[in-house]
Amino acid sequence: MRRTTDRRRTHEREIIRLLKRAIAREVFRLLTIRVQVPGIADLYPARQTKNITLTAAAHHFGVWPAVISNIERGLRRGDAFADPQRQCLTTA
């Protein structure tokens, strides 16, 4: 009787260990996949046609140039920032 409960416990531990490993693998996969952010493809060309440098745009919005660069390249999501930048570039 005791052996079956020990085996069952060992089996349950093994299942839990495998489930944790699978969850960790899936979380890692989801965190490392780069996803292109929709609706930002027009920001970089619009800024370039207006001859506005990355530094000047960053100074205008009060952010670091890397923030604008990452948003324009689609590496960072900036929905709240993309619309004001688009509006500024179309009216300038």
Side-chain angles (χ1 to χ4, degrees):
M1 180 82 173
R2 189 162 193 204
R3 286 183 183 174
T4 57
T5 57
D6 288 342
R7 272 191 242 153
R8 187 178 302 147
R9 246 187 251 137
T10 305
H11 184 67
E12 288 172 356
R13 287 185 194 135
E14 183 69 16
I15 290 173
I16 291 172
R17 187 181 66 79
L18 291 173
L19 285 173
K20 285 180 181 179
R21 181 182 275 174
I23 290 169
R25 190 179 313 120
E26 183 67 15
V27 167
F28 179 77
R29 187 186 68 80
L30 291 172
L31 289 175
T32 56
I33 292 175
R34 287 197 169 175
V35 178
Q36 288 293 327
V37 180
I40 51 101
D42 62 328
L43 295 177
Y44 178 74
R47 185 174 57 78
Q48 291 297 315
T49 57
K50 301 280 184 178
N51 290 326
I52 299 173
T53 64
L54 190 63
T55 308
H59 181 68
H60 175 74
F61 289 106
V63 295
W64 289 97
V67 172
I68 293 178
S69 176
N70 287 339
I71 290 171
E72 286 179 351
R73 290 184 294 152
L75 301 177
R76 181 175 175 185
R77 192 158 187 119
D79 296 335
F81 180 74
D83 291 332
Q85 184 182 6
R86 186 176 292 111
Q87 188 176 28
C88 180
L89 290 172
T90 56
T91 59

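Below, each value reflects all heavy atoms present in this structure, side chains not excepted, and no hydrogens, waters or symmetry copies. From a predicted model like this one, the values you see are computed outputs, not experimental measurements.
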May I have the step-by-step check of salt bridge (charged side-chain N to carboxylate O under 4.0 Å, His left out) for E12 and R9, ending in yes or no?
CA-CA 5 Å; E12 288 172 356; R9 246 187 251 137; over 6 Å; no
Side-chain ion pair, E26 and R29, N-O less than 4.0 Å:
yes
Please report the closest heavy-atom contact between A56 and I52, naming both atoms and the distance.
CB-CG2, 4.2 Å
Looking only at non-hydrogen atoms, find the nearest pair between T49 and A46 and report the distance.
OG1-O, 2.9 Å
Value rounded to 0.5 Å, distance of CD1 in I15 from OG1 in T10:
11.0 Å
Nearest 0.5 Å, please: how far is NE2 in H59 from CD1 in I68?
11.5 Å
ILVMFWY cluster, V27 and L19 together (side-chain gap under 4.5 Å):
no
Common cluster, L54/Y44, ILVMFWY with side-chain heavy-atom separation under 4.5 Å:
no
Just by distance, do the side chain of S69 and the backbone of P65 share a donor-acceptor pair under 3.5 Å?
no
Are more than 12 heavy atoms from other residues, nucleotides or ligands located less than 6.0 Å from atom CZ of R17?
yes
Check whether any side-chain heavy atom of N51 sits under 4.5 Å from a side-chain heavy atom of Q48, and report yes or no.
no
